[in-house]
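Read the structure below first, then the notes.
Values in this document were obtained by computation on a predicted structure and should not be read as measured data. Per chain, numbering begins at 1; letters A, B, ... match sequence-line order.
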Number of protein chains: 2
Amino acid sequence: MTLIELKFVLAVAQERNFRRAAEKCFVTQPALSLGIKKLEEELGVSLFERNRNEVTPTTIGEQIIAQANIVLEQAGKIKEMAKQGNDPLNGTFKLGIIHSVGPYLLPEMIPPLVKMAPHMPLEVEENITATLEQQLRNGVIDAAVVALPFDVPGVETIPLYDEDFNVVVPVNHPWAHRKTVSPDELSNEKVLLLNTGHCFSNQVTQACPELNRKGEVLQGNSLETIRNMVASNLGITVLPAMATAARYQNPLLQVIPFTKPAPSRRIALAWRKSFVRTAAIEVLEKVMSDIGKQQTTLTIG
Amino acid sequence: MTLIELKFVLAVAQERNFRRAAEKCFVTQPALSLGIKKLEEELGVSLFERNRNEVTPTTIGEQIIAQANIVLEQAGKIKEMAKQGNDPLNGTFKLGIIHSVGPYLLPEMIPPLVKMAPHMPLEVEENITATLEQQLRNGVIDAAVVALPFDVPGVETIPLYDEDFNVVVPVNHPWAHRKTVSPDELSNEKVLLLNTGHCFSNQVTQACPELNRKGEVLQGNSLETIRNMVASNLGITVLPAMATAARYQNPLLQVIPFTKPAPSRRIALAWRKSFVRTAAIEVLEKVMSDIGKQQTTLTIG
DNA sequence: TCAATTGATAAGTTAAATTAATAGATATAC
DNA sequence: GTATATCTATTAATTTAACTTATCAATTGA
């Protein structure tokens, strides 16, 4: 049974004439006759009664014609779906993002993204790097926003932007009026950080080796919780540049840059090499790197 | 797009591996790869993301896989329908029958027919020969029970049984105690007949030439109406043997055979030569000729 | 680094579909 | 009744496509 054979059947049913049906199908009459015959033999039933005057469907033929209509209709939907869906910028995009980037990058990037790809809604999965890596490889997400290095077999990355780290202290802290702070100095302070599963904590402890084993580890997933704790005089912390952008200003907090060269991290977009919606990747890369570069240069000194 | 290609797609979707999918489809891996590729090119979309580790459907791929499932399911129904319907003795049989036979043959034939073909319900159309001929040619009915001659192009006939004509008179009629009546004698009587559209009337007037233009023509379609009118002393009539069988006995009526050779008619089954359910024809022929021969020999003399 | 596994590719072969030409059957016209 | 026209079936030849075998390139895991 072939879709073409079913088309032949429908044409004969409509035209009630093999020759005209063949014309309609753009084949010669014998081709159509043989097609119908082949189907009839395969099914073991006569579909049409051939007369000189008229070709008439048999009882079972009528039923099968009706069903053939349904089959071709449903098959046509596949083509429709393909036509609609062959735009890489059409259809949900599943994006993973680390906790220390999501809350700051996403709100900014959504408007320009909607402008560039109006038919590509984002489904965002905020998680830690290790989980994102797994989800990326499994195809649970299409791409991930992570901090480099991110060396995963079969996964490609492109840097989006670099962001410096900044020290954040309560306004009544002794450092509150300092212009810069050296990474080494943090070893004497109570530094609040996310737990070690979060890459940002690792990056900070890597940048401030003295801090190792002294940083206060929290179980939450949110830098905002830490920011609020700092505002409550429970310690100090380190935040990435984008989390200290102008609009996150807080009268209870003071942001202090590190002495140059400031520790920083490189945020990148990662996707499977085999992922086919490359146009979607390109759009995301453009939008996010624009936002990232813009936001990290507007940091309050 | 081919049903086989859709099967390939489903196999890959299930197995998530081209090689295993190919085995499942009883083809080699390149055949399956090419099939998928061909479909992808036709549709203009990637259906699967090929990794070393795993083959994963794309977003649009998942939609199309779901739809392919529907298509194959519906296509499978065609095969089921064919399997169920490939029995010629399965499915409604549309039978036409003339008014002067239907009421007497049908009640008798249904029980043995149900026994021989339990899954072939009859849809009976009782009408005059001219209409039946048209309906037979148009395929409105599958076969017709008519009186010979019935020469219609493209239509085949087989005789079922012969039935003599009998004279029917009221019990108080002068002929009531006669053993036989000659056709010529009817010319002096008031003979009630159906109108000329009915073949039986024609057959009677043909058998009794003197009767021409003297028979009382009625507009009804029922011999039973005439029988009742005869019982009411409105005239006499002629009925076919099967209508005078034992069970139609009436104390107000007397049935008298014609003198030999009695006028008679030959009842036959007619069907389009192109009609494919020949087994159904054979069953009907067997059942009806059996009943016909049995009933016409049980006629009251 | 090496063997193993996966999907893609190329060439050759087999199978299938299609066409062109014709036959057979039936109805319509004269 | 014969002839003509029309319709589907059939046959043989050709073209098309589908499939197989063998091989490649890429990747993975030991």
Side-chain angles (χ1 to χ4, degrees), chain A residues 1-9 11-13 15-42 46-58 61 133 137-138 151-156 272-276, chain B residues 1-9 11-13 15-42 46-58 61 133-134 136-139 151-156 271-276:
Chain A
M1 179 159 50
T2 305
L3 289 176
I4 295 170
E5 286 167 5
L6 296 183
K7 265 180 207 155
F8 286 177
V9 167
V12 173
E15 296 292 335
R16 310 246 155 174
N17 174 298
F18 276 59
R19 196 172 289 276
R20 287 198 300 277
E23 272 181 44
K24 202 173 177 181
C25 296
F26 305 106
V27 294
T28 56
Q29 171 264 314
L32 183 131
S33 283
L34 290 175
I36 300 276
K37 192 181 173 191
K38 179 167 158 280
L39 182 60
E40 286 182 326
E41 279 170 8
E42 181 184 343
S46 283
L47 298 174
F48 298 101
E49 214 183 296
R50 281 87 151 169
N51 253 342
R52 168 71 5 186
N53 293 330
E54 199 176 30
V55 175
T56 329
T58 61
E133 176 187 332
R137 297 180 70 168
N138 292 347
D151 293 321
V152 178
V155 168
E156 206 151 330
R272 290 183 300 284
K273 282 177 184 167
S274 53
F275 187 63
V276 289
Chain B
M1 180 158 49
T2 307
L3 289 176
I4 295 171
E5 287 166 3
L6 296 183
K7 267 180 207 154
F8 286 177
V9 168
V12 173
E15 296 293 335
R16 309 242 155 176
N17 174 299
F18 275 61
R19 221 171 210 86
R20 287 198 301 275
E23 272 181 44
K24 201 174 178 181
C25 295
F26 305 106
V27 294
T28 55
Q29 171 262 315
L32 182 131
S33 281
L34 289 175
I36 299 276
K37 191 181 171 189
K38 179 167 158 281
L39 182 60
E40 286 182 326
E41 277 171 8
E42 181 184 344
S46 283
L47 298 174
F48 297 101
E49 212 183 297
R50 281 85 150 170
N51 253 343
R52 170 77 3 191
N53 294 331
E54 200 177 30
V55 174
T56 329
T58 60
E133 176 187 332
Q134 204 178 358
L136 187 58
R137 295 180 71 169
N138 292 346
D151 294 320
V152 178
V155 168
E156 206 151 331
W271 67 95
R272 290 183 301 283
K273 283 177 184 166
S274 54
F275 187 63
V276 289

On DNA chain D, more 5' by nearest nucleotide between A/Arg137 and B/Gly35 is B/Gly35
Please report the shortest heavy-atom distance between B/Leu3 and A/Met1, naming the atom on each side.
-> CD1-O, 3.7 Å
5'-most by nearest nucleotide on DNA chain C - B/Phe18 or A/Leu32 | B/Phe18
For B/Val9 and B/Ile36, run side chain to side chain contact (heavy atoms under 4.5 Å, CB included): C-alpha distance rounded to whole Å, both residues' side-chain angles, the deciding distance at 0.1 Å, then the answer.
-> CA-CA 7 Å; B/Val9 168; B/Ile36 299 276; 3.8 Å; yes
A/Asn17 vs D/dT8: side-chain N/O to OP1/OP2 distance below 4.0 Å = yes
About how many Å separate NZ of B/Lys24 and NZ of B/Lys7, when rounded to the nearest 0.5 Å?
-> 12.5 Å
Taking only side-chain nitrogens and oxygens of A/Thr28, does any of them come within less than 4.0 Å of OP1 or OP2 of C/dT18?
-> no
Qualifying residue for side-chain contact (heavy atoms from CB on, under 4.5 Å) with B/Val152, from B/Arg137, B/Gln134, B/Arg272 | B/Arg137
Just wondering, more than 12 heavy atoms not from B/Leu34 lying within 6.0 Å of its CG?
-> yes
Please report, rounded to the nearest Å, how far the P atom of C/dA16 is from the CG atom of A/Leu39.
-> 16 Å
note: A/Arg50, atom CZ; C/dG24, atom C1'; distance rounded to Å ~ 15 Å
Separation of C/dA16 atom P from B/Leu3 atom CG, nearest Å, is 17 Å
Could you check whether A/Ile4 gets within reach of a base, just the sugar-phosphate, or nothing at all, counting any heavy atom under 4.0 Å?
-> nothing
At what angle, to 10 degrees, do the two end axes of the helix from C/dT1-D/dA30 to C/dC30-D/dG1 meet, given five pairs define each axis?
-> 20°
Would A/Lys38 and A/Thr2 count as a side chain to side chain contact (heavy atoms under 4.5 Å, CB included) if you check the C-alpha gap in whole Å, the side-chain angles of each, and the deciding distance to 0.1 Å?
-> CA-CA 10 Å; A/Lys38 179 167 158 280; A/Thr2 305; 4.1 Å; yes
Distance in angstrom units between B/Lys38 NZ and D/dC19 C1', rounded | 13 Å
Whole angstrom is fine here: how far is it from CD in A/Gln29 over to C1' in D/dA9?
-> 7 Å
Of A/Ala31 and B/Lys273, whose nearest nucleotide on DNA chain C comes first from the 5' end?
-> A/Ala31
Options D/dA18, C/dT19, C/dG7, nucleotide nearest the side-chain atoms of B/Glu5 = D/dA18
With side chain to side chain contact (heavy atoms under 4.5 Å, CB included) as the test, would you mind laying out the steps for A/Glu40 and A/Thr58 before giving the verdict?
-> CA-CA 12 Å; A/Glu40 286 182 326; A/Thr58 61; over 6 Å; no
Grab the CD-P distance between A/Glu49 and C/dT26 for me, whole Å please.
-> 13 Å
Atom-pair distance (CZ on A/Phe8; P on D/dT8), nearest Å | 14 Å
Return the value, rounded to whole Å, for the distance between atom CZ of B/Arg19 and atom C1' of C/dA4.
-> 11 Å
Side chain of A/Leu34 (C-beta onward), nearest among D/dT8, C/dG7, C/dT18 = C/dT18
